[in-house]
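Right, one structure below, let's go through it.
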Amino acid sequence: MGILVGLLVIWAILVVLGIVIKGLFWLIIVGAVLFVATGVIGFVKREALARKR
């Protein structure tokens, strides 16, 4: 769970950097896609672990 939160923080930082530095618009896109993908993967894994119990 800790690595998941760490990844989410890193992706959020990339999005903020992309917003702050105007020439790095691609960084907003990459960071947002990775943030959403990590969140979905974490949610799916959490649901799968909850069903095992």
Side-chain angles (χ1 to χ4, degrees):
M1 185 69 162
I3 194 163
L4 187 67
V5 173
L7 285 173
L8 289 172
V9 169
I10 290 170
W11 306 148
I13 290 170
L14 287 178
V15 169
V16 170
L17 283 175
I19 292 170
V20 171
I21 303 170
K22 305 264 190 232
L24 296 179
F25 179 75
W26 60 270
L27 202 55
I28 298 170
I29 304 301
V30 171
V33 168
L34 291 173
F35 185 87
V36 170
T38 303
V40 168
I41 290 170
F43 181 75
V44 169
K45 282 190 173 189
R46 187 181 71 176
E47 290 294 318
L49 289 175
R51 287 187 188 146
K52 279 188 167 181
R53 292 181 184 184

Find the distance between [atom1] ([X]) and [atom2] ([Y]) and round it off to the nearest 0.5 Å.
| X | Y | atom1 | atom2 | answer |
| --- | --- | --- | --- | --- |
| Phe35 | Ile10 | CZ | CD1 | 12.0 Å |
| Ile19 | Ile28 | CD1 | CD1 | 5.0 Å |
| Leu8 | Leu34 | CG | CG | 10.5 Å |

What are the two closest heavy atoms between Trp11 and Thr38, and how far apart are they?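 Closest approach of Trp11 to Thr38: NE1-OG1, 2.8 Å.
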For residues [X] and [Y]: do they belong to one hydrophobic cluster (side chain heavy atoms under 4.5 Å, members Ile, Leu, Val, Met, Phe, Trp, Tyr)?
| X | Y | answer |
| --- | --- | --- |
| Leu7 | Val36 | no |
| Val33 | Leu14 | no |
| Val9 | Val30 | yes |

Do you know which of Ile21, Leu17, Val20 makes side chain to side chain contact (heavy atoms under 4.5 Å, CB included) with Leu27?
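The single option meeting the side chain to side chain contact (heavy atoms under 4.5 Å, CB included) with Leu27 is Leu17.
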